[in-house]
2 protein chains.
Amino acid sequence: MNIGDVSRASGLPAKTIRYYEDIGLVRPVRGDNGYRDFSAQDAHRLAFLGRSRSLGFSIEECRRLMSLYEDRDRSSGDVKAVAAEHLDRISEKIVELQSLKATLETLVTRCHGDERPDCPILDDLAGQQDETAPHR
Amino acid sequence: MNIGDVSRASGLPAKTIRYYEDIGLVRPVRGDNGYRDFSAQDAHRLAFLGRSRSLGFSIEECRRLMSLYEDRDRSSGDVKAVAAEHLDRISEKIVELQSLKATLETLVTRCHGDERPDCPILDDLAGQQDETAPHR
DNA sequence: CATAAGGCTTCCAGTCACTGGAAGGTCAAG
DNA sequence: CTTGACCTTCCAGTGACTGGAAGCCTTATG
């Protein structure tokens, strides 16, 4: 399989697949013409990577997950630990963004948003808070 | 004021302040010794930037907001537009993360997480879904 | 057989917003 | 005079790609 084929199969851009080779996530063999030749297992790995990345795992986490995946003697506890940590990070991020959202909503609601210059958003950013948002 | 002073005052690392000068967000004058000399207005700008960044605005948005802030003839509608767009992005991001979170929670819950090798998380990542998560 | 289109190769640079570190100049205190 | 804290510039690295240039390879058509 050429890179275009696995690209279509995995949904990953060819550029990304080359990058994954650069950082050692796949190791396709090379044909006589210098083209990468992807095995079915390579294609499978790329699909695994695509799915893992789409769930927000970092490249290093993906590397770890893939090595666990390919280790017959893994313990599922190790996998769960990686996923649980990632889940915690996401939960934290959500909380953080919700706080931002609340602050911004208050500000945006308060701003009349017409052609006049006075603006509670700028007032807040400048630090002249009228007790608006206790952010951070 | 030296860079250390405005750093303490604004909460921004000195490195960041130098970077902001590089990209033209502040323009402190220089003393005879080559040190940056920050005016009260510079300090104010940095505080504005720190607050804007902490609300998640990009550098380019901060630049825009600051130019609006310093424009007596601005219309608050322009400010509101920037903030509202940012708010939309954040809302979208939250939805996205909540979907990720739900998927990961399902997977993590299903994984017994012990020393045995079988693991629904890896099964999902590998694409052998047992109708688990319709993510993406 | 020539050629054109499309696919493949490598390499370099850019993204965003910093951050770390090296090498060296300046200043205030003891 | 020395120490240590502060300041300077410059270069490189982060994460995970992405864009683009220059050039080789393959396949289909005239």
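Proteins come first, then strands; the chains are lettered A, B, ... in the order of their sequence lines, and each starts at number 1. These figures come from a predicted structure and were not determined experimentally.
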**Message:** Can you tell me how the ring of His86(B) sits relative to the ring of Phe57(B), calling it parallel under 30°, perpendicular over 60° and tilted otherwise?
**Reply:** tilted
**Request:** Could you tell me whether Lys93(B) and Glu96(B) have a side-chain N and a carboxylate O separated by less than 4.0 Å?
**Result:** yes
**Message:** Quick one about Ser91(B) and Asp88(B) (side-chain donor to acceptor, distance below 3.5 Å, no hydrogens or angles considered), yes or no?
**Reply:** no
**Asked** Hey, are the side chains of Val6(A) and Pro28(A) touching, using non-hydrogen atoms and a 4.5 Å cut-off?
**Response** no
**Fill in**
Here the residues of residues 14-24 of chain A within 4.0 Å heavy-atom distance, strictly under, of DNA chain D are Lys15(A), Thr16(A), Tyr19(A), Tyr20(A)
**For Ser10(B), the option from Asp42(B), Leu49(B), Ile17(B) that meets side-chain contact (heavy atoms from CB on, under 4.5 Å)** = Ile17(B)
**Message:** Checking side-chain contact (heavy atoms from CB on, under 4.5 Å) between Cys111(B) and each of Asp118(B), Asp123(B), Ile121(B), which is the one that passes?
**Reply:** Ile121(B)
**Item:** Length of the CZ-P vector between Phe57(A) and dC17(D), whole Å
**Value:** 15 Å
**Asked** Just how far, in rounded Å, is P of dA5(D) from CZ of Arg8(B)?
**Response** 13 Å
**Request:** Kindly calculate the angle separating the two end axes of the helix from dC1(C)-dG30(D) to dG30(C)-dC1(D), each obtained from five base pairs, and round it to 10 degrees.
**Result:** 30°
**Fill in**
At a 4.0 Å cut-off to heavy atoms of chain B, the contacted part of DNA chain C spans dA17(C) to dC27(C)
**Where at least one partner belongs to residues 10-28 of chain A, residue pairs that pass salt bridge (charged side-chain N to carboxylate O under 4.0 Å, His left out), sequence neighbours excluded** = Glu21(A)-Arg30(A), Glu21(A)-Arg36(A)
**Request:** Identify the two heavy atoms, one from Met1(B) and one from Asp37(B), that lie closest to each other, and give their separation to 0.1 Å.
**Result:** N-OD1, 2.9 Å
**Message:** Looking at every heavy atom in both Val108(A) and Ala83(B), which two are closest together, and how far apart are they?
**Reply:** CG2-CB, 3.7 Å
**Asked** Is it the case that more than 12 heavy atoms not belonging to Glu70(A) sit under 6.0 Å from its CD atom?
**Response** yes
**Message:** Which residues pass the side chain to side chain donor-acceptor pair (under 3.5 Å) test with Asp114(A), not counting sequence neighbours?
**Reply:** His112(A), Arg116(A), Ser76(B)
**Backbone N/O of Val95(B) and side chain of Ser99(B): donor-acceptor pair under 3.5 Å** = no
**Message:** Quick check against the 3.5 Å criterion: does Ser7(A) have a side-chain atom that pairs as donor or acceptor with the backbone of Ile3(A)?
**Reply:** no
**Message:** Counting only heavy atoms and a strict 4.0 angstrom limit, can you tell me which residues of residues 25-40 of chain B come near DNA chain C?
**Reply:** Asn33(B), Tyr35(B)
